[in-house]
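Since the structure comes first, as structure tokens, the remarks are kept for the end.
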Amino acid sequence: MLKAKSALRNIPKRMTKLEDEHYFIDDIVSTKNREKRKMYVREGKRIGYGSFGTVTQSYLSNNSTEWLGPYAIKRVIKSPKVESLELEILQNIKHPNLVTLEFFFESQCITKDGGQIFQKNFVMEYIPQTLSSEIHQYFDNGYKLPTKHIKLYTFQILRALLTLHSMNICHGDLKPSNILIIPGNGIAKICDFGSAQRLGRDEELNTYFCSRFYRAPELLLNSKNYTTQIDIWSFGCIIGEMLKGQPLFKGDNAKSQLEEIAKLLGRPTGNENRANEVQDMQRNLHDQKFKRFMHWFPNIEFFDVDFLLNVLTYNSIERWDAKQLMSHEFFDALRNETYFLPRGSNMPVHLPDLFNFSVSEKKTLGEYYGLIVPPSD
Ligand SMILES: Nc1ncnc2c1ncn2[C@@H]1O[C@H](COP(=O)(O)OP(=O)(O)OP(=O)(O)O)[C@@H](O)[C@H]1O
């Protein structure tokens with residue numbers, strides 16, 4: 001893996017290197033019309049160096065004088081056997097809350113010991129901020145993320161998950177650094193489909209994926225029967241992080257990760273029953289779990305605690321899915337008021353269009369559609 005990583009720093013061989021800063025490729029595919037064309041590529045600063053590849057801020061040109069961009073180019077090693085689900089998702093699922101792929105191309109490079117590495121290059125729209133950097137911007141300066149912003153970004157994450165999950169695809173690595181945001185207009189888009197999996201096939205499922213702090217209890221326990229609900233758990237961890245300014249559960253290994261989770265949720269009894277839980281909660285506000293949530297997340301409303309309880313649930317069947325969560329009172333603030341105040345601004349800005357659901361989204365939402373859109377829509 002180390003060898004591969006150092007090889008990735010080289011300019012790929014099938015591209016003709018013209019000058020230090022740009023090179024020529026003769027078969028770049030546009031996702032708009034699937035046509036192949038010749039283009040120049042100029043790679044700039046490195047913006048991500050993940051476990052699977054590199055991401056650089058880049059520009060493209062038809063003539064090497066006028067440059068289009070910036071774009072983000074993610075370069076990953078191409079497996080000769082496995083077809084890339086990452087490319088399939090980026091190419092085929094167009095959604096306002098999934099990062100847009102503009103072009104892609106293949107390349108190859110030579111390692112120091114003379115081996116050959118084949119690579120895929122995804123040329124995506126460039127979105128300079130992540131939810132992770134946004135959380136830091138606030139908390140490092142002694143502020144909390146405004147509740148409206150939390151609701152705005154999380155609603156869009158759920159909208160993206162609704163579409164992925166309706167295709168039985170789990171993202172598999174949801175975390176704040178994989179949520180790209182545009183703070184000025186409140187847009188959020190999920191990126192990084194490198195760990196995505198299509199579930200429901202009879203193949204042996206991998207349980208070792210997803211960054212530990214965001215890994216669902218069923219994955220920590222090595223269950224082979226997990227569902228797309230593992231992303232909902234990660235989603236809950238993201239909200240927790242937006243509220244607290246740091247990862248909600250920070251274990252050093254799977255066992256201590258489960259212990260951290262138990263500090264908030266209590267120990268799993270093996271017989272969690274959501275219906276009873278709600279009854280208990282309504283009957284007795286001093287319910288232990290509810291009290292712990294209130295203690296961990298002071299200053300949030302009753303309904304917001306209820307929302308979190310529905311997300312951070314051991315039993316993945318009782319954990320609410322994307323459409324149920326989108327219909328929760330937690331998001332009423334987005335249905336009732338159409339403005340928000342971007343960071344560092346005192347001019348309210350119109351919320352992005354959150355409810356312009358496509359035909360297939362409406363079909364997936366079914367009876368929930370009426371509960372999710374604002375009354376006048
Ligand atoms: N379209 C984009 N625009 C701007 N930045 C991006 C874009 N895509 C990815 N990035 C940045 O690059 C980082 C790494 O990208 P990505 O997660 O896709 O790669 P990875 O190798 O799977 O990384 P990791 O192992 O950290 O998940 C992201 O966390 C994000 O900060």
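One-based numbering, in listed order, for ligands and for the atoms of each.
- Of the heavy atoms in Val76, none comes closer than 4.0 Å to ligand 1.
- Counting all heavy atoms, side chain and backbone alike, Leu101 lies closest to Thr31 at O-OG1, 2.7 Å.
- Near Asp173, meaning under 4.0 Å from any of its heavy atoms, are these atoms of ligand 1: 27 (O).
- Arg215 forms no cation-pi arrangement with Trp233, by the criterion of a distance under 6.0 Å to the ring centre and an angle within 45° of the ring axis.
- Neither the backbone nor the side chain of Thr54 has a heavy atom within less than 4.0 Å of ligand 1.
- At a 4.0 Å heavy-atom cut-off, ligand 1 touches Asp192 through backbone and side chain alike.
- Taking 4.0 Å as the cut-off between side-chain N and carboxylate O, Lys263 and Glu259 do not count as a salt-bridged pair.
- Between Glu86 and ligand 1, no pair of N/O atoms sits closer than 3.5 Å.
- Note on Leu371: it clusters hydrophobically with Tyr369, by side-chain heavy-atom contacts below 4.5 Å among ILVMFWY residues.
- Looking at Ala72 next to ligand 1, no N or O pair under 3.5 Å apart turns up.
- With salt bridges taken as basic N to acidic carboxylate O contacts below 4.0 Å, none links Asp27 and Lys38.
- The Val99 neighbourhood of ligand 1 comprises atoms 1 (N), with distances under 4.0 Å to a heavy atom of that residue.
- Considering backbone and side-chain N/O of Tyr126, none are found under 3.5 Å from N/O of ligand 1.
- Looking at Glu241 and Lys175, no side-chain N of the basic residue comes within less than 4.0 Å of a carboxylate O on the acidic one, giving no salt bridge.
- Applying the ring pair (Phe, Tyr, Trp, His ring centres under 6.0 Å) definition to pairs two or more places apart or across chains, those involving residues 113-152 are His149-Phe340.
- In this structure, of Gly194, Cys210, Pro70, Ser177, the residue bringing a heavy atom nearest to atom 30 (C) of ligand 1 is Ser177.
- When the heavy-atom distances from atom 5 (N) of ligand 1 to Ile73, Ile179, Leu101, Ile127 are ranked, the shortest goes to Ile127.
- Ring-plane geometry between Phe307 and Phe330 is classed as parallel, the angle between the planes falling under 30 degrees on a 0 to 90 degree scale with a further cut at 60.
- Within ligand 1, the atoms closer than 4.0 Å to a non-hydrogen atom of Gly48 are 12 (O), 13 (C), numbered from 1 in the order shown.
- For Lys175, the closest heavy-atom approach to ligand 1 falls below 4.0 Å.
- Geometrically, Lys120 does not engage Phe104 in a cation-pi contact defined by less than 6.0 Å to the ring centre and at most 45° from the axis.
- Using a 4.0 Å cut-off to heavy atoms of Lys74, the atoms of ligand 1 that qualify are 16 (P), 18 (O), 19 (O), 20 (P), 22 (O).
- Residue-to-ligand polar distances keep Thr130 apart from ligand 1: every N/O pair is separated by 3.5 Å or more.
- Of all the listed residues (Ser195, Pro176, Cys191), Cys191 holds the heavy atom that lies closest to atom 9 (C) of ligand 1.
- Exactly one of Glu43, Glu86, Glu125, Glu102 qualifies for a salt bridge (charged side-chain N to carboxylate O under 4.0 Å, His left out) with Lys74. That residue is Glu86.
- When each atom of ligand 1 is checked for a heavy atom of Asn178 under 4.0 Å away, the hits are 17 (O), 27 (O), 29 (O).
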